[in-house]
Amino acid sequence: MEYQFREIEEKWQDEWRKRNTYAVSEDKSKKKFYVLDMFPYPSGAGLHVGHPLGYIASDIFARYKKHRGFNVLHPMGYDSFGLPAEQYAIQTGQHPAITTKNNIERYREQLDKIGFCYDWSREVRTSDPAYYKWTQWIFSVIFNSWYNKETDKAEHLDRLIEKFENNGTYNVEAALEEGWYKDLLNSSDFPLFGKDFCGEFTATDWQSLNNEQREKVLMHFRMAYLADSIVNWCPALGTVLANDEVKDGVSERGGHQVEQKLMRQWSMRISAYAERLLQGLNKIDWSESIKEVQRNWIGKSEGASVRFQLNGHAEYVEVFTTRPDTIFGVSFMTLAPEHELVLKITSADNKEAIEKYIGAAKLKTERDRQSDVKNVSGQFTGAYALHPFTGEKIPVWIGEYVLAGYGTGAVMAVPAGDQRDWDFAKKYDLSIPNIFDNTDISEKAETSKEVKLCNSQFLDGMIHSDAMPRIIAAIEEGDFGKGKVNYRMRDAVFSRQRYWGEPFPIYYEDGIPHLIDTSSLPVVLPEVDKYLPTEDGEPPLARAKGWVYVPNSAKDSNKLSNAQSLPKKNEDPRVESRINSNQKAPHPLPLTKGDAGDSNNVRTTASQFGADDYASQSNLIFKTTGDETRAEDDLEDSLEHNSEHFATSLEEAGHIWKTSNPKKREFLKAHARNMRKEQTQAEKLLWEKLRNKQIGYHFRRQYPIGPLIVDFVNFSHKIIIEVDVKIHETDQNREYDISRADYLWNLGFNVFQFTNEEVMANIEDVISRLSRKFPLSLEERSGVRPPKIDGSAKDLGNTNFRHLEYNTMPGWAGSSWYFLRYMDANNASEFASRDKIDYWGQVDLYMGGAEHGTGHLLYSRFWTKILFDHGHIGFDEPFQKMINQGMILGRSNHVYRIIGTNKFVTSEKKDEYKTQQLYVDINIVDNDILDTNAFKKWLPEYENAEFILNDTGEYTCTFAIDKMSKRWFNVANPDDLCEKFGADTLRCYEMFLGPVEQSKPWDTKGINGVHNFLRKFWRLYHNSNNEIEISNEVASKAELKTLHKTIKKITEDLDRFSWNTCVSGFMICVNELQEHKCNKRAVLEPLVVLLSPFAPHIAEEIWEKLGHSKSITQAQWPAFDNAHLTEDEFSYPVSFNGKTRFFISLPADLSASEVEKIVLQDEQTSKYLEGKAPKKVIVVPKRIVNVVV
RNA sequence: GCCUGGAUGGCGGAACUGGUAGACGCGCACGACUCAAAAUCGUGUGUCUUCGGGCGUGUGGGUUCGAUUCCCACUCUAGGUACCA
């Protein structure tokens, strides 16, 4: 065969890998374009043909944009935390990390075969500690945030504390839970706030609180907060679920029962962003349906909250209504059974019935409650409320149809205007006062907003829109309530009682959660013996040995016990020193100049920088960390006057230096320069080797990193080489070395230490040891650090040890920000550098399924807004344009077995027998005809199958369109197709199927047509001996026309994301060129560039054969020249009364009147005029002539 | 119920701002080359027809010289969503 796609594809996939063809870097001379696919969860089943649909489309687009001169970011990664791997772990005991790793390898293999242009050096995996370190960091940012409604953004909690300190809650407008303060009211810890506390306190109040009390208050303000809330508890999965993970009362994953349960859980205050999430939809280019899903989810409704005083009680019932204009139609009220006032107001003679009703409601599952929709039910409490305008007594009922979770959990019932209220009133024989003019409400409620009101005092004669402002004003005037906007969206539950997720950067002390310092991140997922909850119902992480935080001093400087880098427990001196020592590590930086040249050439020992002075200096830093500017000024002073400075720990110093001003940076650089001049013998020797790239990588020497200066560093592989006189010479040196290693480790560096002796004695050995180590894989870089302390928190008791959070984060945590990480995937010191984020910016094209409307897509918009508010990124919407690829459905085939036998009957005759429908593997069915021999071999039980065939002697199957699933034996797998037809064919065929957004059944029949097209394409360039044969002759006019028509078509179609029509365009082009027998370079060379985004392998191969040494991916997109398309003649369709009758060829530049004249003179025209005079003639130049008779 | 899409040959689909409906591919039929098959190439392929033409883009109406395209009403269908006050 001429077109050897297997060889070609293998060759180029290899070459691309070798040449690093798809690596991109920030190139500010070029405009950027960011094309992103929703990263997959690496499931065990591997990819089927539906998955790559979107990937292929975006890949084509990315390649196209590259040809157009854009710098294109097109990365890929894995959403690798999640339930399936964990469920598998529970069943088999295999660590989810292993399952995940295997699945990822399989995915990668499959992806590689399709020839994508991903820059794999930017790969992210959400379960990689080097990645989730930053997920934890973002959690910390959110934890330290509150939502200031005044500025309408999230702000650092310090701003709030400052406000509290100065003015208490005066002028604090924060996004809070309704009635947040009740928690404090009931607490014995807060005697100070008294019985009448309603959430407001003074600066004096605040100052009188102790730390613990303050923490409790602040918890209510945080954007990530711990609170008792009613959550969806799924007993089968043993975890809580967010609202978007529950569908129809069962879990989305697995379809398990879900119950409502009051639990203490982490939540994210997404409700604070409701309005911004809603408004933001207007500035992004997403499909209307997804936007609508989000609008519904946010559920904004405008109306009023109204208070109804209870007769004979001090309390009132507050309701929310979107129809306050119908308030004069209120004839009763209904509270949710869970409403807090219910038991209080129920009269003695109704008590029994009410309790019974509540009890019955409690027993029902969410699903039962939802299926009972049509049967309204309720119970009278015996209490009455007073109508705010008329003073009438209104009976108060409870009813299941009122949900505790929406609005205030109470409604004012207007049976005339609401169908549910109407049903309720009918059932319990309550009055239905009519408030609508000329309207019959005896059969159903009137819900139109266009009907005039009556019996409504000052609202009489008005319709809804006129009455609204009037009634809200009246309500506010009378102080019964106020106009209000309500959102349905609730805060998102953020904790899961699961193992395979991100640990929280949180530890508990006396039940109060505290943040683990960001410098100690990541908190690495610990090993556990089982992936199940503990016997007393704690999440799996409670099983972890050493899942505790070890206090090491009276001060609040804590070290995470397992956040240490040396693997062998007994040899790791840090554990001991951390636990036993109250001393802090001194600052490692030798700030006095000229100390590098002492007798031993030792630059950095603790003794040199006066550890004794530490105590007097440390306050400086501690006091001022809240005020960055102040601290930096002080630091500056200390640098200049003392030339010595100490932070409390390396981490703190690192933090300060990171945010420091250029002056300090200069100081460090100058210091490093001095050190370079005064290298030791060993350093000089090693440098000679390193500078000649003897181990293959470029190193810098004596380079400042944070507050440190390291000997040799390679940034891209995160390697540091240190040469010291001796390692761990004294206790103090050792402590310093440890801190230093820790600091660098936390920045993601691997530190290799050699002694002077080692280097001097055998430099070659040192070099070869290093070369063996490189390049470091991602795993090696991030490594999993084993816990250092035996025994769980429980074993150790809570007196000396503080346990870490047992919950893990939900699946959407990692996926909410991954698009940012791709911009700077290997950054060990930040989640991504601001510089790179500013360059790559928003995702320009986001490709993925539409099923994430209320989950991932909402949460990532939410996190993006928080990061924006804090100034970490410069945009507040993550995905500018999104295209949702449709689902590819499977076409499954059925056979019919006669019940009780092993006989199978063809579908035509199936009704003659009593049969059972069975699914059959689509691979042994061709065009609905079953291969009976293959069927016998397919499963052992069919070995002796017999068949009743149709009249033509064939067995025909019926078919159905189902989701692709192993269960239906209808999975088409991309590997097989790549093997059979090649990746280029698969790519083109998937595009050719139809518009990407559309769902469509997979059908392999058409793939031959596309494959043939590529073979024809190949033949254009090759002679019958399969040798390339290209002429350099001048192309003919017709050939150039074909080419430029195609350039225009492909360019325009790609610009409007119409991949399918591009493929037809290519087919037309190839057919035409074949007709012209064209083999001219002037036509075929641009053409291969046009095709290369679609079929990169064949294009690359031909490009090389055409004599190019550079990859075709760097070729420029062919320029379109309209001159080749201009025609001298145009064939006008001439129609009479809109019906085309004949064609007439005329010069293209004729004016409308000239055309009209010629057409009317034409003899064919007179035939159709039948002697009548034309009433009107319409001429659209170069389009159409229409004669009206 | 509500929201958002969709409806065009035997099939997947094309027709971009109203201007030759059915591009391109599949399938099917016939033909060429072959002992034959495969592959390849060629021709035809909406439908009815008395061979003049008639009818055709879910249905009914409207706007227009002209409507698959715009407007109104409806039918069917896919997806989403809900005792949301």
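Just so you know, these numbers come straight off a predicted model, no measurement behind them. Throughout, protein chains are lettered first and strands after them, A, B, ... in sequence-line order, and every chain is numbered starting at 1.
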Contacts under 3.5 Å, N or O only, protein and nucleotides 37-40 of chain B:
{"from": "B:U40", "atom 1": "OP1", "to": "A:N1012", "atom 2": "OD1", "distance (Å)": "2.9"}
{"from": "B:U40", "atom 1": "OP1", "to": "A:N1012", "atom 2": "ND2", "distance (Å)": "3.4"}

How would you label the contact of A:K1182 with the nucleic acid (heavy atoms, under 4.0 Å): base, sugar-phosphate, or nothing? nothing
d(CG, A:D423; C1', B:G1) in whole Å: 13 Å
A:L858 CG to B:G80 P, in whole Å, measures 17 Å
Residue set satisfying salt bridge (charged side-chain N to carboxylate O under 4.0 Å, His left out) with A:K1049, at least two apart, ordered chain then number -> A:D1053
In whole angstroms, how far is the P atom of B:C84 from the CG atom of A:D421? 10 Å
Salt bridge (charged side-chain N to carboxylate O under 4.0 Å, His left out) with A:D421: which residues, sequence neighbours excluded? none
May I ask you to check whether A:F424 and A:F332 place their ring centers less than 6.0 Å from one another? yes
Nearest whole Å is fine: how far is B:A85 C1' from A:K484 NZ? 13 Å
Which part of the nucleic acid does A:R1183 contact within heavy-atom distance under 4.0 Å: base, sugar-phosphate only, or nothing? sugar-phosphate
Identify, with sequence neighbours excluded, every residue that meets ring-ring contact (aromatic ring centres under 6.0 Å, His included) alongside A:F1130. A:Y1132
Using a heavy-atom cut-off of under 4.0 Å over every strand shown, decide if A:V293 touches base, sugar-phosphate, or nothing. sugar-phosphate
With Watson-Crick and G-U wobble geometry limited to distances under 3.5 Å, how should the secondary structure of RNA chain B be encoded in dot-bracket form, using | for bases paired to another strand and [ ] for crossing pairs? (((((((..(((......[....)))((((((.......))))))(((....)))..(((((..]....))))))))))))....
Can you give one letter per nucleotide of nucleotides 62-68 of chain B, going 5' to 3': B for a protein heavy atom under 4.0 Å from the base, S for sugar-phosphate only, - for none? ---BS--
Sugar-phosphate, base or nothing in reach of A:F1066, heavy atoms under 4.0 Å: nothing
Sugar-phosphate means primed atoms, P, OP1 and OP2; the rest is base. With that split, encode nucleotides 46-57 of chain B 5' to 3' as B, S or - using protein heavy atoms under 4.0 Å. -------SSS--
Round to a whole Å and report the spacing from NZ of A:K1045 to P of B:A23. 14 Å
Tabulate protein N/O versus nucleotide N/O from nucleotides 2-5 of chain B, keeping only pairs under 3.5 Å, one per line.
{"from": "B:C3", "atom 1": "O2'", "to": "A:E292", "atom 2": "OE2", "distance (Å)": "3.4"}

NZ or CZ of A:R420 within 45° of A:Y401 ring axis and under 6.0 Å: no
Which one, B:A85, B:G25, B:C84, comes nearest to the side chain of A:R420? B:C84
Polar atom pairs (N or O), protein with nucleotides 7-13 of chain B, under 3.5 Å:
{"from": "B:G12", "atom 1": "O2'", "to": "A:L993", "atom 2": "O", "distance (Å)": "2.6"}
{"from": "B:G13", "atom 1": "OP1", "to": "A:Q998", "atom 2": "OE1", "distance (Å)": "2.9"}

Atom-to-atom span, CH2 of A:W297 to P of B:G79 - whole angstrom: 19 Å
A:K1016 side-chain proximity, nearest of B:C83, B:C41, B:C24: B:C41
Using the test salt bridge (charged side-chain N to carboxylate O under 4.0 Å, His left out), find all partners of A:K980 that sit at least two apart in sequence or belong to another chain. none
Heavy atoms from C-beta onward define the side chain here; which of B:A85, B:A14, B:C24 lies closest to that of A:Y406? B:A85
Could you state the atom-to-atom distance from CD of A:E302 to P of B:C84 in whole Å? 18 Å
Please enumerate all residues that pass ring-ring contact (aromatic ring centres under 6.0 Å, His included) together with A:F389, with sequence neighbours excluded. A:F328, A:F458, A:F480
Can you run down the side chain to side chain donor-acceptor pair (under 3.5 Å) pairs that involve residues 1178-1189 of chain A, sequence neighbours left out, and say none if there aren't any? A:S1135-A:N1186
How close or far is atom C1' of B:C41 from atom CD of A:Q1074, stated in whole angstroms? 9 Å
